[in-house]
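What follows is a short report on a single structure.
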Number of protein chains: 2
Amino acid sequence: MSVTIKDVAKKAGVSPSTVSRVLSNHPRISHATSEKVKAIMLEMGYHPNIMAKSLVSKTTHSLGVILPKPAEELFLNTFFMELIRGIVAQANRSGYDVVLSSGSSEQEEVEAVSRLVYGGRIDGAILLYSRKNDPVVDFLSRNHFPAVLVGRSEQHKNIISVDTDNVQAAADATRHLIQMGHQRIGFVSGPPELVVSLDRMEGFKMALNEANLEFHKDWIVEGEFLQESGYRAMSFFMNLPERPTALVVVDDIVSFGILRGLHELGYKVPEDIAIVSFNNIALSELSTPPLSSVDIGIYHLGYTASQALIQAIQEKDPDKLVHQRHIVPHRLILRQSSMFAPSRN
Amino acid sequence: MSVTIKDVAKKAGVSPSTVSRVLSNHPRISHATSEKVKAIMLEMGYHPNIMAKSLVSKTTHSLGVILPKPAEELFLNTFFMELIRGIVAQANRSGYDVVLSSGSSEQEEVEAVSRLVYGGRIDGAILLYSRKNDPVVDFLSRNHFPAVLVGRSEQHKNIISVDTDNVQAAADATRHLIQMGHQRIGFVSGPPELVVSLDRMEGFKMALNEANLEFHKDWIVEGEFLQESGYRAMSFFMNLPERPTALVVVDDIVSFGILRGLHELGYKVPEDIAIVSFNNIALSELSTPPLSSVDIGIYHLGYTASQALIQAIQEKDPDKLVHQRHIVPHRLILRQSSMFAPSRN
DNA sequence: CTGAAAGCGCTTACAG
DNA sequence: CTGAAAGCGCTTACAG
């Protein structure tokens with residue numbers, strides 16, 4: 001029913017092969033026939049059938065993106081949206097489509113991915129997060145399937161990854177508080193199975209070490225990327241006999257929970273406790289007070305991930321692809337939540 | 001290189017046709033051969049090639065989702081993410097993939113969609129928003145391509161749509177303020193080219209009318225779905241000689257901007273001005289004060305859109321599809337921002 | 001219940 | 001510079 005290469009060929013008085021060659025800008029085709037065929041394609045409203053093309057070319061011009069399962073799904077809506085926007089923008093620009101997939105368990109995630117991969121539905125995959133033992137990463141790595149990880153993998157060192165230097169980022173945030181005069185600094189971390197939590201924790205410790213500041217076990221709290229976690233962490237800290245004067249918080253959303261709790265209890269930020277967190281989402285400058293936050297360039301991360309993946313797909317020499325690690329620069333944005341020098345005691 | 005239906009057939013000692021029939025659970029296949037073939041498929045790691053299947057079946061089992069162009073892109077990250085989560089969840093459950101596409105202008109949007117549609121890449125499309133004169137809707141409607149609109153279209157009454165009853169929702173919000181004793185109520189609207197802005201405005205007027213309250217031209221402000229718009233609206237209202245005591249605000253994000261502005265100027269919410277807004281995003285209960293908001297079930301909207309689209313794709317009788325309109329129920333969530341009765345004057 | 005054959009719409013050596 | 005032919009991996013009448 002829809003117009004095919006044969007219809008165009010017939011009307012143009014050439015063979016289907018020729019039409020196909022015009023389509024792919026084959027060099028050895030006469031300018032005259034090329035023009036004629038193109039005119040007729042336009043006239044007849046011809047559009048190449050992508051499926052047929054894929055079937056023979058063994059390439060789909062599609063990238064697969066695996067959405068995190070519900071547990072982490074709550075985790076920062078705006079983070080993932082920004083990431084996906086960056087991914088889709090760059091993919092479309094390069095003529096690639098993006099196929100979204102999700103599973104409601106790790107098991108289902110693997111099934112979804114393997115359907116896409118084995119079914120020849122996608123040319124490469126992007127993972128939006130990095131867990132410590134991720135079966136999806138295992139699967140892709142085992143199958144030598146082109147893949148890019150946003151974040152980094154502990155096990156699979158040679159998967160291509162696009163990441164923030166989270167160790168440095170956390171060190172930067174911590175150093176800022178130290179420079180402001182804080183000596184008692186706590187850390188609110190994310191789920192320990194996420195690599196990002198570990199990296200930020202490490203940077204935090206690093207900065208404390210440099211400054212010969214004490215690393216206080218009691219001043220470390222782990223949680224989810226949820227406001228409730230921040231709320232709980234806050235209540236834990238504020239009940240401590242000796243409490244920190246500043247906090248490094250793994251994510252802005254978590255800081256919102258902390259701010260809310262402190263507000264309810266009548267504490268003031270940054271006077272009673274100073275806060276720096278990560279990701280600099282749109283709302284971070286809108287909270288009361290506005291949050292100091294490390295901007296990690298989320299859109300840019302997504303954009304770079306697409307770019308790296310497409311490059312990997314098109315690269316023939318596999319040696320060039322081993323152990324690629326793209327670092328997107330971060331930037332500490334200072335706002336009111338950390339702009340206070342504590343009195344010495 | 002990958003294992004095909006022929007390989008399986010050879011190993012099983014049957015014809016490719018038979019393997020294909022086993023795959024599709026054809027009724028007239030003997031249990032014995034079916035079992036044998038299935039065992040061999042598993043053993044050889046067979047996975048059907050989706051492209052080949054699509055080519056012959058003329059169906060892709062993919063839904064296309066068009067991301068809004070940058071202008072509206074900012075518009076409510078978390079809104080779109082929730083919507084997409086709902087869409088993907090339901091699509092995957094029904095065995096459909098979701099293909100994302102975007103353009104950086106209306107022109108590019110249409111091109112992206114037509115590539116997907118004419119290229120046979122998708123079986124149907126979901127639009128995430130409704131503009132007043134949308135070329136993408138025109139395109140889909142003109143081509144009689146299965147499509148679902150989240151929102152509603154003024155021109156194309158017979159496109160399938162999934163929507164909130166925004167008129168009622170806005171009326172509910174407004175009535176609540178009236179019941180609290182407010183007589184001077186303002187409205188902060190969104191871009192006038194979006195249908196949702198118009199519908200909510202209409203509900204607002206309706207509720208005022210019912211209560212014989214004056215509709216004050218000065219108390220209506222249009223803006224974007226951005227915090228800055230809220231900030232500006234706030235400053236406009238607060239400089240009025242006679243200002244409203246309560247506001248209905250088209251979106252929570254806009255309310256955040258209003259809250260911030262009022263806080264800076266030292267006004268109190270809800271005492272100086274009460275606020276109700278829409279969408280009930282995750283952060284609405286975290287603001288200071290927590291926002292009263294109409295929960296429109298965003299995830300549910302996405303979920304329903306997927307469901308309706310898949311139904312439309314699978315429905316043979318086109319008469320059944322005309323003028324379908326699915327309404328997802330809304331619910332006014334009361335929080336502190338509107339819980340104050342103004343003194344009579 | 002099963003097989004041989006044709007065909008989906010394209011590409012790409014091979015030949016000229 | 002162009003065409004005829006084979007083939008990508010599947011499905012589906014048609015026959016038996």
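Convention: sequence-line order gives letters A, B, ...; per-chain numbering from 1.
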Fill in: Gap separating the CZ atom of B/F145 from the CD1 atom of B/I159, nearest 0.5 angstrom
11.5 Å

Discussion item. I'd like to check the side chain to side chain contact (heavy atoms under 4.5 Å, CB included) partners of A/T60; sequence neighbours left out, ordered by chain and number.
Written reply: A/S54, A/S62, A/D123, B/M51

Discussion item. I'd like to check the side-chain hydrogen bond (donor to acceptor under 3.5 Å, both in side chains) partners of A/S141; sequence neighbours left out, ordered by chain and number.
Written reply: A/H156

Discussion item. Please give me every residue in residues 53-63 of chain B whose heavy atoms get under 4.0 Å of an atom in DNA chain C, ordered by residue number.
Written reply: B/L55, B/V56, B/K58

Item to complete: Using side-chain hydrogen bond (donor to acceptor under 3.5 Å, both in side chains) as the criterion, list what pairs up with B/S34, not counting sequence neighbours.
Response: none

Worksheet, complete the sentence: The side-chain hydrogen bond (donor to acceptor under 3.5 Å, both in side chains) partners of B/D97 (sequence neighbours excluded) come to A/R115, A/R121

Response to the item:
Minimal heavy-atom distance between B/L309 and B/G124, with the atoms involved, is CD2-C, 3.7 Å

Worksheet item: Quick one: B/K10 NZ to D/dC10 C1', roughly how many Å, whole number?
Response: 16 Å

Discussion item. Does anything in residues 46-66 of chain B form a ring-ring contact (aromatic ring centres under 6.0 Å, His included)? List the pairs, not counting sequence neighbours.
Written reply: A/Y118-B/H47, B/H61-B/Y96

Worksheet item: For residues 134-153 of chain B, which residue pairs qualify under salt bridge (charged side-chain N to carboxylate O under 4.0 Å, His left out), counting only residues two or more places apart or in two chains?
Response: B/R131-B/D134, B/R152-B/E154, B/R152-B/D199

Worksheet, complete the sentence: Numerically ordered, the residues 30-52 of chain A set in heavy-atom contact under 4.0 Å with DNA chain D is A/S30, A/T33

Worksheet item: Just how far, in rounded Å, is P of C/dG3 from NE2 of B/H26?
Response: 13 Å

Discussion item. Given B/F139, which partner from the list B/N143, B/V136, B/V137 fulfils the side chain to side chain contact (heavy atoms under 4.5 Å, CB included) test?
Written reply: B/N143

Item to complete: Counting Watson-Crick and G-U wobble pairs whose two distances are both under 3.5 Å, find the runs of 3 or more in a row that involve DNA chain D.
Response: C:1-3 with D:14-16, C:5-12 with D:5-12, C:14-16 with D:1-3

Worksheet, complete the sentence: Sequence neighbours excluded, the answer for side chain to side chain contact (heavy atoms under 4.5 Å, CB included) partners of B/V88 is A/L67, A/L100, A/S102, B/I84, B/N92, B/V98

Fill in: C1'-based separation of C/dG16 from C/dT12 [nearest Å]
16 Å

Worksheet item: Can you check whether A/R85 reaches A/I298 side chain to side chain, under 4.5 Å on heavy atoms?
Response: no

Item to complete: Specify the separation, in whole Å, of atom NZ of A/K6 and atom C1' of D/dA4.
Response: 13 Å

Item to complete: Please list residues of residues 14-25 of chain B whose heavy atoms come under 4.0 Å from any atom in DNA chain C, ordered by number; otherwise none.
Response: B/V14, B/S15, B/S17, B/T18, B/R21

Response to the item:
So CD of B/E109 and CD1 of B/I66: to nearest 0.5 Å the spacing works out to 7.5 Å

Report all side-chain donor-acceptor pairs from residues 11-20 of chain B shorter than 3.5 Å, counting only partners two or more places apart or in another chain.
| from | atom 1 | to | atom 2 | distance (Å) |
| --- | --- | --- | --- | --- |
| B/K11 | NZ | B/E43 | OE2 | 3.4 |
| B/S15 | OG | B/S17 | N | 3.3 |
| B/S15 | OG | B/S17 | OG | 3.4 |
| B/S15 | OG | B/T18 | N | 3.3 |
| B/S15 | OG | B/T18 | OG1 | 3.2 |

